[in-house]
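Protein chains get the first letters and strands the later ones, always in sequence-line order, with residue 1 at the start of each.
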Number of protein chains: 2
Amino acid sequence: MRRVRRGYATGAARRERILATALLEFAEHGYRGASLARIAERAGLSQAGLLHHFRNKELLLIAVLDYRDELDARTFDIEGAGGVDALRALARVVEHNSRVPGLVQLFSVISGEAVTPGHPGHDWARRRYRRLRETVAAALRRGVERGEFRAGLDAEAHADRLIAMMDGLQTQWLIDPERVDMVTVFQGYVDDLIATLRP
Amino acid sequence: MRRVRRGYATGAARRERILATALLEFAEHGYRGASLARIAERAGLSQAGLLHHFRNKELLLIAVLDYRDELDARTFDIEGAGGVDALRALARVVEHNSRVPGLVQLFSVISGEAVTPGHPGHDWARRRYRRLRETVAAALRRGVERGEFRAGLDAEAHADRLIAMMDGLQTQWLIDPERVDMVTVFQGYVDDLIATLRP
DNA sequence: GTCTATACTATGATAGAC
DNA sequence: GTCTATCATAGTATAGAC
C-alpha cells in the first residue's frame with residue numbers, strides 16, 4: 001500500500017517548522033539582517049537543507065509573508081460586519097495584536113524596509129494596503145447604507161486613517177511598550193470616530 | 001597668522017558631505033543594508049577615509065540621525081503655538097514632509113528596523129517619540145487653557161494618535177504614492193479633531 | 001586627513017555524495 | 001530530502017605609509 005500522504009505530510013511539517021522559525025528571524029532582524037544559516041540552525045536542519053525547500057532567501061520571505069497572512073485569516077469578520085460593528089471589530093484586531101508582538105513586529109520591520117522600491121516585500125506591502133483599504137472602506141459604506149453613518153463621508157480617507165492609526169500605534173508600542181497603551185488609545189480613536197460619523 | 005577656522009571648516013564640510021550621503025544610503029537601504037564602501041564612494045573618499053571621521057558604522061548612523069534632527073529644527077513652531085494653531089502647524093509639517101521624501105524615508109526605514117531592541121537606532125527612536133509626545137501634548141493643553149479645546153481631554157492619548165497618524169500615513173504614502181494623498185488625509189484628521197475637541 | 005593593503009568574518013548559493 | 005564541502009562575494013574594521 002502506498003502511503004500517499006506520508007512523504008507530503010512530513011515535508012509539510014518540515015516546511016512549516018522552517019516558516020515559523022524564519023518568521024521569528026525576519027521579525028527580529030528584518031529581511032536584510034536575517035541569516036539563512038541561523039534560521040536553518042534554529043529549524044534543526046542545515047542551510048543547504050533549508051534551501052532545498054525554499055530556493056533562495058527572497059522566496060523564503062515571500063512564503064513567510066503569505067504564511068503570516070494565513071495565520072491572520074482571523075480577520076475578525078471585518079468583511080462580514082459593517083458600520084459601527086466593523087469599527088469595533090478593528091478595535092478587537094488591535095487588542096488581539098497586542099497579544100502577538102512577534103507577528104506585529106514582523107509586519108512593522110518588513111513594512112519599514114519595504115518602502116524602498118526593489119525590496120522583495122514591496123509588492124506584498126502595496127497589495128496588502130490596497131486590499132485593507134478596500135475592505136475597511138466597504139465596511140464604512142455599509143454603515144452609511146444602514147444609516148449608522150452620515151452620508152457623504154469619504155470612506156477611502158477614513159480607511160486610510162484607520163489603517164495608519166493601527167500601524168503608527170504599533171510602532172510606538174513596539175518601541176516603548178510600557179509607555180504606549182496601543183489598545184486603549186486606538187479604542188479612543190474608534191469612539192471619537194463613531195461620534196463624528198453619526199448622521 | 002594662524003587660520004584658526006581653516007582646518008576645522010574643511011573638516012566640517014567633509015563631514016557634512018558624508019552625512020548627507022549617508023543619509024541617502026541609510027534611507028535607501030536601512031542601517032543593515034547600507035554599505036560603508038558605497039557611502040564613501042558617493043561621498044568622494046575611500047572607505048578608510050570615511051572611518052577616519054566616524055569610527056564605525058553605528059556611530060555614523062547616530063550622527064546621521066542627529067543630522068536629520070538638525071535639518072528638522074524647522075519644527076514649524078509647534079512648541080510656540082498652542083491649541084488649534086498647533087494642530088494646523090502639524091498639518092504644515094506633513095505638507096512639508098511630502099516635499100522631502102528622502103528624509104521621510106530615512107525615518108520610516110530606521111523606525112521600522114529600530115523596533116528591535118539592540119538596534120543602534122532604538123534609543124534614538126524612543127527618545128524621539130517621547131519628546132514628540134510631550135511637545136504635542138503640551139500644545140494641546142495650552143489649547144485647553146485658552147478655551148479652544150474642551151477641558152478634561154486626554155492630551156497624551158491625542159498626542160500619540162496625532163503622531164501615529166503622521167507615521168502611518170507616511171508609510172502608506174511611501175509605498176504607494178499615487179494612491180495615498182497623505183497631506184489631504186491628514187488635514188482631514190486635524191479638521192475632525194478640532195471639531196471633536198471644541199468645548 | 002587620506003590613501004592602499006589587508007585581515008577577518010559573514011553571507012547566499014551551488015555541486016555532488018549519500 | 002538531507003548533508004558536507006566549497007565558492008564567490010561582500011562586508012566592517014585595522015595597520016601603516018604618505
Side-chain angles (χ1 to χ4, degrees), chain A residues 2-26 28-65 109-110 113 116 118-121, chain B residues 2-22 24-26 28-64 109-110 113 116 118-121:
Chain A
R2 255 179 84 214
R3 286 147 310 166
V4 183
R5 319 209 64 221
R6 204 284 205 120
Y8 174 80
T10 309
R14 188 64 128 168
R15 249 182 89 93
E16 179 143 4
R17 172 95 191 269
I18 296 172
L19 287 173
T21 312
L23 192 152
L24 293 175
E25 276 289 318
F26 284 133
E28 187 72 14
H29 303 107
Y31 173 68
R32 292 184 266 250
S35 124
L36 294 179
R38 206 163 38 221
I39 294 169
E41 189 190 6
R42 289 180 55 183
L45 82 175
S46 73
Q47 189 227 24
L50 190 164
L51 284 172
H52 170 75
H53 294 276
F54 302 91
R55 208 147 16 83
N56 58 44
K57 193 183 182 182
E58 188 167 329
L59 289 174
L60 177 59
L61 175 68
I62 304 290
V64 165
L65 294 176
V109 172
I110 299 299
E113 280 186 319
T116 300
H119 187 284
Chain B
R2 256 179 81 216
R3 286 145 312 165
V4 183
R5 317 209 67 219
R6 204 285 205 116
Y8 174 79
T10 309
R14 188 62 129 173
R15 250 183 88 95
E16 179 145 5
R17 173 95 193 267
I18 295 172
L19 286 173
T21 311
L24 293 175
E25 277 288 319
F26 283 133
E28 187 73 13
H29 303 108
Y31 174 68
R32 291 184 265 252
S35 126
L36 294 179
R38 206 162 40 222
I39 293 170
E41 188 189 8
R42 290 179 56 183
L45 81 174
S46 73
Q47 190 227 24
L50 190 164
L51 284 172
H52 170 75
H53 295 276
F54 303 91
R55 208 146 17 82
N56 58 43
K57 195 183 181 181
E58 188 166 329
L59 288 175
L60 176 58
L61 176 68
I62 304 289
V64 165
V109 173
I110 298 299
E113 282 186 318
T116 299
H119 187 285

May I have the distance from Lys57(A) (atom NZ) to dT9(D) (atom C1'), rounded to whole angstrom? 14 Å
Validation row: Tyr31(B), Lys57(B) side chains within 4.5 angstrom (heavy atoms): yes
Residue mapping more 5' on DNA chain C - nearest nucleotide basis, Gly49(B) or Asn56(A): Gly49(B)
Separation of atom CZ in Arg55(A) from atom P in dT14(C), rounded to whole Å: 9 Å
Figure out the CD1/P separation between Ile39(A) and dA13(C), and round it to whole Å. 11 Å
For the side chain of Ala48(A), starting at C-beta, report the closest nucleotide among dA5(D), dA13(D), dG11(D). dA5(D)
Euclidean distance, atom CG of residue Leu61(A) to atom P of dG12(C) [Å, nearest integer]: 12 Å
Would you classify Ala34(A) as touching base, sugar-phosphate or nothing, given that sugar-phosphate means primed atoms plus P, OP1 and OP2, and contacts are heavy atoms under 4.0 Å? sugar-phosphate
Is the phosphate of dT2(C), meaning OP1 or OP2, less than 4.0 Å from a side-chain N or O of Arg14(B)? yes
So what does Ser35(B) hit on the nucleic acid, given a heavy-atom distance under 4.0 Å: a base, only sugar-phosphate, or nothing? sugar-phosphate
Rounded to whole Å, the CD-C1' distance (Gln47(B) to dA13(D)) equals 7 Å
Working to the nearest 0.5 angstrom, can you tell me the gap between Leu61(A) CG and His119(A) NE2? 6.5 Å
Consider the side chain of Leu45(A), meaning its heavy atoms from C-beta on, and name the nucleotide among dC3(D), dT12(D), dT14(D) that approaches it most closely. dC3(D)
Interatomic distance, NE2@His53(B) vs CG@Leu19(B), rounded to 0.5 Å, equals 10.5 Å
Among dT11(C), dT14(C), dT2(D), which nucleotide has an atom closest to any side-chain atom of Leu51(A)? dT14(C)
Distance, rounded to the nearest Å, where His29(B) contributes NE2 and dA10(D) contributes C1': 14 Å
Residue-phosphate contact under 4.0 Å: His53(A) side-chain N/O, dT2(D) OP1/OP2: yes
Nearest of dA13(C), dT2(C), dT12(D) to any side-chain atom of Leu36(B)? dT12(D)
Could you state the CD-P distance from Glu25(A) to dT11(C), rounded to the nearest angstrom? 10 Å
To the nearest angstrom, the CZ-C1' distance between Phe54(B) and dA13(D) comes to 16 Å
Taking it one step at a time, do Leu45(B) and His52(B) satisfy side chain to side chain contact (heavy atoms under 4.5 Å, CB included)? CA-CA 11 Å; Leu45(B) 81 174; His52(B) 170 75; over 6 Å; no
Heavy atoms, side chains only, cut-off 4.5 Å: are Leu60(B) and Leu51(B) in contact? no
